[in-house]
Amino acid sequence: MPELPEVEITRLGISPYVTHRTVQAVQVRNPHLRWRVPDRLSSKVTGQKIESVTRRGKYLLLNTSVGSVIIHLGMSGSLRVLKTGTSPQSHDHVDFILGNKCLRYRDPRRFGCILWSNAPLNHRLLKNLGPEPLADEFDGDHLYHAARRRTGAVKNLLMNARVVSGIGNIYANEALFAAGIHPQRAANRISLIRYRILSREMKRILQAAVQAGGTTLRDFQRVNGQPGYFRHALKIYGKEGELCRRCGARIRRKVISGRSSFYCVRCQS
DNA sequence: ATGGTCCCCTGACCGC
DNA sequence: TGCGGTCAGGGGACCA
């Protein structure tokens with residue numbers, strides 16, 4: 001499900017309900033996520049006040065004064081705020097009880113994770129993440145530099161979290177279409193000028209997606225239950241066989257490194 | 001260091 | 001209605 005915009009929408013959605021609240025209990029119904037939910041999670045976080053909810057790449061952090069809960073939503077994860085006592089459905093694996101509210105983690109495929117760290121930004125999963133794509137430090141020069149020794153597809157460069165964090169399959173496809181770059185083009189055979197265009201398009205598309213509440217393909221929901229509306233703004237992702245909105249050529253699909261890639265042969269090179 | 005391939009898991013969908 | 005195959009928004013582990 002979630003790439004940067006959807007994780008950010010989740011953050012914005014839960015933040016007002018959990019910030020400054022104290023965790024009174026943690027209920028782990030199924031600890032078997034990507035990594036086992038640590039047994040110490042409950043003892044670490046119970047009694048602590050959540051001071052802020054932040055995001056790094058696709059990771060969410062529930063920050064307390066003694067450490068942070070690290071949450072990743074994987075492919076199918078979601079967080080909702082419910083009335084405490086609401087009976088859990090299948091795949092509702094973890095609850096954080098916050099007085100009369102309950103922060104509930106649901107993840108049918110269990111590709112996500114919930115971990116605890118005293119120093120989350122130095123955690124092995126976070127410390128090597130590349131810059132945030134919406135930060136000033138991320139620009140065409142950064143991409144160009146990262147691409148110097150890489151002969152693989154530029155799409156893989158965008159989806160490499162060590163190069164830039166938070167970009168997944170949808171937004172990589174959309175940004176490359178917007179920049180007119182073929183997803184399979186070798187990363188080291190793209191000019192600085194084109195990387196500057198690409199980085200600008202990435203920022204523009206990610207910002208627009210956040211504005212629209214993210215992209216709902218099938219099951220992404222905001223905390224209020226509404227879908228994200230950026231799906232209607234997608235120009236290339238999932239549109240194999242349709243006509244390019246820019247030139248009318250038929251959109252193609254090709255699997256690159258195991259992920260579906262969509263592109264227009266006339267507009268992207 | 002980079003770039004492949006495999007795998008974790010469930011659910012939706014499609015063709016027969 | 002059932003069944004098998006395919007696909008899905010992520011990303012770490014492993015190997016060449």
Side-chain angles (χ1 to χ4, degrees), chain A residues 1-10 29-37 55-60 70-79 89-94 105-115 123-130 133 145-176 183-189 202 205-206 209-210 212-222 227-234 236-241 253-262:
Chain A
M1 175 237 312
E3 303 182 37
L4 184 151
E6 293 74 40
V7 178
E8 180 65 9
I9 288 299
T10 299
R29 281 177 289 273
N30 181 356
H32 298 104
L33 304 183
R34 168 139 208 187
W35 295 283
R36 188 186 172 89
V37 177
R55 180 188 58 73
R56 179 75 177 93
K58 295 173 189 166
Y59 292 91
L60 282 173
I70 299 174
I71 302 175
H72 195 290
L73 302 176
M75 289 278 263
S76 57
S78 62
L79 285 167
Q89 311 282 320
S90 162
H91 309 305
D92 288 343
H93 303 310
V94 178
Y105 178 86
R106 175 186 176 83
D107 188 0
R109 291 177 76 179
R110 289 186 275 126
F111 285 2
C113 65
I114 298 181
L115 300 170
H123 190 275
R124 66 182 177 89
L125 294 174
L126 278 76
K127 70 178 176 196
N128 291 319
L129 289 177
H145 180 72
R148 280 319 76 206
R149 234 170 288 99
R150 293 175 195 264
T151 57
V154 60
K155 179 158 174 274
N156 292 345
L157 186 78
L158 298 191
M159 293 179 65
N160 183 339
R162 290 174 175 237
V163 173
V164 54
S165 55
I167 307 295
N169 203 25
I170 294 179
Y171 297 103
N173 275 291
E174 292 295 318
L176 288 165
Q184 208 161 30
R185 186 168 193 85
N188 65 351
R189 295 189 56 249
M202 290 167 71
I205 288 168
L206 292 171
V210 172
T215 299
T216 297
L217 289 183
R218 36 176 71 89
D219 54 5
F220 173 67
Q221 281 194 0
R222 295 190 248 180
Y229 298 111
F230 197 72
R231 182 165 69 92
H232 306 294
L234 297 179
I236 200 85
Y237 180 84
K239 301 202 180 291
E240 179 185 18
R253 180 178 89 99
K254 179 169 192 173
V255 176
I256 300 173
S257 290
R259 313 298 293 274
S260 279
S261 304
F262 303 87

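- In this structure, A/N160 places its CG atom 11 Å from C1' of B/dA1, rounding to the nearest Å.
- Here C/dG12 presents its P atom at 12 Å from CG of A/L115, a figure rounded to the nearest Å.
- Between A/H72 and the phosphate of C/dG11, there is a side-chain N or O to OP1/OP2 separation shorter than 4.0 Å.
- At the heavy-atom level, A/Y171 lies nowhere under 4.0 Å from the strands shown.
- A/R189 has its CZ atom 18 Å from the C1' atom of B/dT2, to the nearest Å.
- The shortest distance between the side-chain N/O atoms of A/S76 and the OP1/OP2 oxygens of B/dC9 is not below 4.0 Å.
- Using a 30° and 60° split on the angle between ring planes, A/H91 and A/H93 fall in the perpendicular class, above 60°.
- When the P atom of C/dA13 is taken as reference, atom CG of A/L125 falls 8 Å away, rounded to whole Å.
- Distance noted for atom P between B/dC6 and C/dT6: 14 Å (whole Å).
- Look at CG on A/D219: it is 9 Å from C1' on B/dG11, rounded to the nearest Å.
- For B/dG3, one of the phosphate oxygens OP1 or OP2 lies less than 4.0 angstrom from a side-chain nitrogen or oxygen of A/T151.
- When the nucleotides B/dG11, B/dG4, C/dC7 are ranked by their closest atom to the side chain of A/H91, B/dG11 comes out on top.
- Rounded to whole Å, the distance from OH on A/Y237 to P on C/dG10 is 8 Å.
- The residue A/R162 sits apart from the nucleic acid: no heavy atom pair falls under 4.0 Å.
- If you take CD on A/E174 and CG on A/L158, they are separated by 12.5 Å, rounding to the nearest 0.5 Å.
- Put simply, NZ on A/K58 is 8 Å from C1' on C/dG9, counting in whole angstrom units.
- Stacking between A/F111 and C/dG10 is present: the aromatic ring centre lies within less than 5.5 angstrom of the base six-membered ring centre, and the two planes differ by under 30 degrees.
- Taking NE2 of A/H72 as the start and CG of A/L126 as the end, the distance is 9.0 Å to the nearest 0.5 Å.
- Computed from coordinates, the A/R110 CZ to C/dG10 C1' distance equals 16 Å when rounded to whole Å.
- Residue contacts for A/R218: at a heavy-atom cut-off of 4.0 Å it reaches a base atom on one of the strands shown.
- Neither side chain, A/T151 nor A/N188, offers a donor N or O lying under 3.5 Å from an acceptor on the other.
- Residue whose closest nucleotide on DNA chain B sits further toward the 5' end, between A/S257 and A/P108: A/S257.
- A/N160 and A/N156 share no side-chain donor-acceptor pair at under 3.5 Å.
- A/F230 comes within contact range of no nucleotide atom at all, as no heavy-atom separation falls under 4.0 Å.
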